Novice: 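Handing you a structure now.
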Amino acid sequence: MTSLVTQLSDILGQAFAAEGLDTSFGRVIFSDRPDLAQFQCNGAMAAAKAAKKNPREVATKIVEILKGNNIFSKIDIAGPGFINLTLTDVALKTYISGLVDHPRCGVDPTAQGETIVLDYGGPNVAKPMHVGHLRSSIIGDSIRRILKFTGYNAIGDIHMGDWGTQMGMMISELEILHPEWVYFDPTYTGDYPAESPVTMDDLEEIYPRVSALCKTDEARLEQSRKATVDLQNKRRGYYALWKHFVTISLASMKRNFTALNVHFDLWKGETDVHDLIAPMVDDLKSKGYAVESEGAIVVHVKKNDDTKEFPPLILYKRDGGVMYGTTDLATILERVRDYDPVKILYIVDKRQALHFEQVFRGAKLTKIARDDVELTHLGYGTMNGTDGKPFKTRSGGVLKLEDLIAMGKDKAIERLDAAKVGDTFSEDEKANIAMKVAIAAIKFADLQNNFSADYVFDLDRMTSFEGKTGPYLLYQAVRIKSLLEKAGYKAGGDILLSDQDRALYLMITELPEVIDTAVRNYTPHVVCDHAYKLAQAFSSFYGNTHILSEENAAQKQSWLTLSAMVLAQLELSLDLVGIEIPARM
RNA sequence: GGUCCCGUAGCUCAACUGGAUAGAGCACCUGCCUUCUAAGCAGGGGGUUGCAGGUUCGAUUCCUGCCGGGAUCACCA
């Protein structure tokens with residue numbers, strides 16, 4: 001179904017056209033001044049400027065045309081030329097009635113199955129997932145959900161960091177600690193053990209230690225680089241050891257992402273494109289794109305009109321190793337070849353903006369990606385602590401993701417116990433509710449902000465569960481479920497509009513535009529914002545209107561229908577940001 | 001130093017891409033649980049949108065210059 005403001009925009013657009021003005025001036029939006037009108041059109045002022053006319057005169061002419069349309073109960077001109085519109089209840093009711101059973105809450109798909117690849121998550125093999133992975137994962141997953149709902153073939157790819165220097169650090173360290181291991185015997189030709197000689201805990205201990213060491217010890221770093229190159233050349237023992245790293249890391253990642261309700265369609269990593277790199281670079285060399293520079297093989301991506309320094313994209317380092325720019329370029333090659341996407345979106349820390357600019361330029365320059373393939377880096381802000389500096393735990397370390405989730409869950413259980421709502425629930429259900437509350441709190445705290453700005457990560461605020469939080473939204477949704485259940489609600493009956501519920505009905509009609517904005521700008525926070533406003537408006541209505549004791553049966557049924565519609569929108573909106581609602585709480 | 005981003009209530013953030021009276025939450029104050037879940041609701045105080053200019057009927061939004069903060073500037077990811 002066509003959204004309400006689209007219908008109104010069409011009507012206004014025709015009125016502008018009748019005056020010889022562009023139909024786009026007819027764009028109608030929800031009113032900024034609900035006290036004056038339900039909708040407004042600001043086009044008369046812009047049209048007047050373009051046509052060098054008086055804005056109020058233009059508005060007057062438009063209004064004259066609109067007067068012939070009986071869906072408006074009130075049309076007037078305010079200020080310099082705002083056209084304020086209010087619908088008759090009959091017209092509003094007609095639209096709302098079509099919304100009641102609509103499976104998508106009135107939002108039609110706008111895409112036709114075009115493929116979009118989303119690159120988010122990016123956990124590293126052999127390193128624990130920490131809160132730094134949170135933003136990429138939940139923002140990326142939400143954008144994927146929104147795009148998919150809009151009709152795109154949205155493919156989420158986790159793009160694991162499984163092939164970089166950190167692998168060389170780990171392997172070389174194990175070789176120093178355990179030179180006798182069969183993995184390090186170059187003459188060994190048999191099979192390697194099926195069981196990993198190290199655990200995730202071992203890896204978690206080794207990485208930060210060696211990483212720090214390599215920063216000060218040039219020789220040790222050299223050793224790591226060497227091991228990295230050997231691994232990338234698939235030295236048998238190294239490769240077997242690396243396989244173990246991947247296996248044990250995957251188990252840990254899957255635990256975290258399942259808990260977070262973050263989904264990936266592809267579990268690929270840097271390794272998956274390794275075999276594409278050599279042929280790709282050879283090809284680029286033969287075409288003259290890739291050239292030798294200071295011992296490295298690079299693509300010069302500086303453009304003539306650049307005023308600033310623009311470093312080249314390095315494909316092969318002096319030591320023959322590849323860099324993440326190389327794998328990112330090869331990954332574009334692979335994605336174009338396998339999926340032919342119209343867009344590839346990268347949800348990665350904004351500090352990597354220059355890197356992506358280099359890679360994107362390289363991809364376009366070398367025709368690895370056609371000009372019409374949109375390559376976009378959706379760079380999110382740094383996660384800071386309440387002191388404004390990059391987030392650290394009280395002891396100065398990184399907070400592991402699973403610890404964060406566990407903290408949220410404990411807090412939620414505390415809350416359930418305090419409110420005594422969970423007393424009659426089974427332990428399983430309580431744990432399930434606590435988990436959903438914790439994830440809702442974590443996700444909503446992040447996703448309600450525009451992701452491009454830096455984000456202050458405040459554990460205390462996040463787990464307070466009061467005010468504008470995920471748990472508030474769950475609470476409102478669950479209250480509606482409970483209400484409908486108590487009422488034994490069954491769909492049907494007429495929609496009755498009244499002064500106490502009209503605003504809520506109007507808010508329900510906003511969803512298509514909300515989602516459209518979210519899709520156009522890749523901004524899940526507008527969906528969060530709408531869900532919150534809707535929940536708040538419902539809560540206000542709920543507080544002022546006692547539904548179950550309403551004696552007028554038709555009115556009661558109408559309010560229940562309204563409640564059901566609000567619930568459906570909350571469920572949809574929250575699903576689009578990856579938040580699940582429990583049956584009760 | 002070059003380039004880019006940011007600066008909105010005490011704090012954390014919005015503001016439909018140039019619109020009307022800049023909105024929420026937290027914190028603070030006042031009410032509301034013998035009627036549908038108080039993780040709630042109703043109300044109150046709190047703003048020269050960093051500063052100074054400019055464009056415009058109209059600027060938090062666009063332009064210029066300052067001030068303050070951050071990021072980044074080829075062999076790490």
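Keep in mind that what you see is a predicted model, and the values were worked out from it rather than measured. Per chain, numbering begins at 1; letters A, B, ... match sequence-line order. Worth knowing before you read on, the calculation uses all heavy atoms, side chains too, and leaves out hydrogens, waters and symmetry mates.
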Novice: For A:Asp162, check salt bridge (Lys or Arg N to Asp or Glu O under 4.0 Å) against everything at least two apart and list the hits.
Specialist: none
Novice: Output side-chain donor-acceptor pairs under 3.5 Å for residues 536-546 of chain A, partner residues at least two apart or in another chain, one line each.
Specialist:
unit_1	atom_1	unit_2	atom_2	d
A:Gln536	NE2	A:Tyr532	OH	3.1
A:Ser539	OG	A:Gln476	NE2	3.3
A:Ser539	OG	A:Arg479	NH2	3.0
A:Asn544	ND2	A:Ser540	O	3.0
A:Thr545	OG1	A:Gln500	OE1	3.1
A:Thr545	OG1	A:Phe541	O	3.0
A:His546	ND1	A:Ser549	N	3.4
A:His546	ND1	A:Ser549	OG	2.7

Novice: Based on Watson-Crick and G-U pairs with both distances under 3.5 Å, what dot-bracket line describes RNA chain B 5' to 3', crossing pairs as [ ] and inter-strand pairs as |?
Specialist: (((((((..((((.....[...)))).(((((.......))))).....(((((..]....))))))))))))....
Novice: Return the residues of residues 211-230 of chain A meeting this criterion: a heavy atom under 4.0 Å from some atom of RNA chain B. Order them by number, or give none.
Specialist: A:Arg225
Novice: Among all residues two or more places apart in sequence or in another chain, which pass the salt bridge (Lys or Arg N to Asp or Glu O under 4.0 Å) test with A:Arg415?
Specialist: A:Glu466
Novice: Quick one: list whatever passes salt bridge (Lys or Arg N to Asp or Glu O under 4.0 Å) with A:Lys556, sequence neighbours left out.
Specialist: none
Novice: Only pairs at least two apart or in different chains count here, so list each ring pair (Phe, Tyr, Trp, His ring centres under 6.0 Å) that has a residue in residues 437-460 of chain A.
Specialist: A:Phe391-A:Phe457
Novice: Checking A:Lys268 now: which residues fulfil salt bridge (Lys or Arg N to Asp or Glu O under 4.0 Å) with it, not counting sequence neighbours?
Specialist: A:Glu334
Novice: Please report the distance separating the C1' of B:G46 from the corresponding atom of B:C51, rounded so that it comes out in whole Å.
Specialist: 23 Å
Novice: Name each donor-acceptor pair under 3.5 Å that joins a side chain in residues 377-384 of chain A to protein atoms two or more places apart or in another chain, with its distance.
Specialist:
unit_1	atom_1	unit_2	atom_2	d
A:His377	NE2	A:Val348	O	2.8
A:His377	NE2	A:Asp349	O	3.4
A:Asn384	ND2	A:Gly388	O	3.4

Novice: Using a 4.0 Å heavy-atom cut-off, write out nucleotides 34-43 of chain B from 5' to 3' as B (base contacted by protein), S (sugar-phosphate only) or - (no contact).
Specialist: -BBBSBSSS-
Novice: What pairs of nitrogen or oxygen atoms, one from the protein and one from nucleotides 71-74 of chain B, lie under 3.5 Å apart?
Specialist:
unit_1	atom_1	unit_2	atom_2	d
B:A74	N6	A:Glu294	OE2	2.4
B:A74	N1	A:Ser293	OG	3.2

Novice: Would you mind listing every side-chain hydrogen bond (donor to acceptor under 3.5 Å, both in side chains) that reaches into residues 50-60 of chain A, with sequence neighbours excluded?
Specialist: none
